[in-house]
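Take a look at the structure set out below.
Quick note: residue numbers are just sequence positions, from 1. Every value quoted in this text rests on a predicted model; they were computed, and no experiment measured them.
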Amino acid sequence: MGMIKEIDFRTAPRLCSEAQVREGARNLLVNCCEVKRGTELMIVNENGLVDPAVARIIEDEARALGARVHVLWADAIEGPDAVPRTLLAAVAEADVTLLNHLMAAVLRLVPFEGRGLKVMNPLTTWDQLGSEYARIPFQVSAEILKALAPQLAAAGDYQVTCPLGTDLRAPLHPKPAAPAAVDSFTLRTFPLSVTAVYSCLEASGRLAIRWVTPSTIRVMKAKGVILPSPVLATLEQGRMVDFDGEPAAVDALRRYLDTAGAEIRKDGYIVNSWHMGTHPACFTHLRPQDDLFGWILHAHGNPRLAHFHAIGEAPPGEGSIPLLDPTVRFGGKTLWEHGRLLLADDPAFRARIAAYGDPARLLRAEPNIGV
């Protein structure tokens, strides 16, 4: 059993058409994976996570493009130390590896040989791969990051606020912007949906907490916590030092941070970094109470969510604190306002996106993120 609840694909509803799923698969393969005739493509599917019908469509579309396709099915991996060396060897040899498997997140922490392109695809069910989110040309998500990158890189500080009382500030030490088509963990993700990671180790202020979700790097006994009411944590230089809220909620949060920290021998009270969702079409029908890990996995790329990496000093930590409808300023300039990516309303940017289709469709804000 992995981090996400397994789905009975035989009974799961299918709202999207097969044509839509195939369109999503071609977007994934052509625009993101850059598959063409002669490409050696390794596809790694996770048992229980990937709908076999979706896996067949991806494989069919790859072969139709002329790729030499190899397919592996593998069980969930518990953490960085559990990645099979034989699997790493297979990935290292391919021109392109498509990881329909949560091991993709673990690979950030496991050095291995191989220079081929590696793509993480979390859209592994019928209605995920057939969704508008999956069918919007991959280049749109890259254009969003490309447009944001110079503004983010040039800023000397940031401020994050939210309706529940968050007000967190920290200095930034500018560095060159990352390439637009590679995410902050050097692994391409389909679609691109988050900014680079920004340190919280110099951040102070208050952070509203409603949930702490598991991270993607290991299977833990501590499976996250949904608080009965919001808690405001006071941060000093990236560490939670005090809490305001209903006593039951504060106690539940402290218990979880203590338990999770003890399990992996890290400081549960550190918030090490954060980043913002950037893809307006990112969505999920899951709610936190349905599947806490599955919810944040599929919702975190929407501009309505920031998420803070917690529990341990090294990013991405062992837990995630999602923040709903934030307002985010870099260098004093507001780039997200109450969970809306302001870039999506910019006429010059919309003119650029028109090269890929109707901006009204491609940049439409999807409000459905399960909360």
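- Taking S229 as the reference, E246, A249 meet the side chain to side chain contact (heavy atoms under 4.5 Å, CB included) condition, with sequence neighbours excluded.
- Through direct or relayed side-chain contacts under 4.5 Å between Ile, Leu, Val, Met, Phe, Trp and Tyr, L15 connects to no other residue.
- Classification of the H300-H307 ring pair by plane angle, with boundaries at 30° and 60°, yields perpendicular.
- Listed by chain and residue number, nothing satisfies the side chain to side chain donor-acceptor pair (under 3.5 Å) test with N302 (two or more places apart in sequence, or in another chain).
- Applying the salt bridge (charged side-chain N to carboxylate O under 4.0 Å, His left out) test to every pair with at least one member in residues 351-371, sequence neighbours left out, gives these pairs: E132-R361, E143-R352, R364-E366.
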Q: Assess whether side chain to side chain donor-acceptor pair (under 3.5 Å) is satisfied between E93 and H70, documenting all intermediate values.
A: CA-CA 11 Å; E93 293 299 319; H70 311 277; over 6 Å; no
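- The salt bridge (Lys or Arg N to Asp or Glu O under 4.0 Å) search around D251 returns none, not counting sequence neighbours.
- There is no path of hydrophobic side-chain contacts, each under 4.5 Å, that joins L164 to V328.
- With sequence neighbours excluded, the residues forming a side chain to side chain contact (heavy atoms under 4.5 Å, CB included) with D95 are T39, E40, listed by chain and number.
- Annotation: salt bridge (charged side-chain N to carboxylate O under 4.0 Å, His left out) contacts involving residues 294-308, sequence neighbours excluded, comprise R304-D325.
- Grouped with I270 in one hydrophobic cluster are L201, the linkage being side-chain heavy-atom contacts under 4.5 Å among Ile, Leu, Val, Met, Phe, Trp and Tyr residues.
- Under the side chain to side chain donor-acceptor pair (under 3.5 Å) criterion, R169 pairs with D167, sequence neighbours left out.
- Partners of E318 by side chain to side chain contact (heavy atoms under 4.5 Å, CB included), not counting sequence neighbours, listed by chain and number: S215, I217, R218, M220, I264, K266, I311.
- Partners of V371 by side chain to side chain contact (heavy atoms under 4.5 Å, CB included), not counting sequence neighbours, listed by chain and number: W211, P288, W295, L324, I369.
- Screening residues 272-287 for salt bridge (charged side-chain N to carboxylate O under 4.0 Å, His left out) gives R287-D290 as the qualifying pairs, with residues at least two apart or on separate chains.
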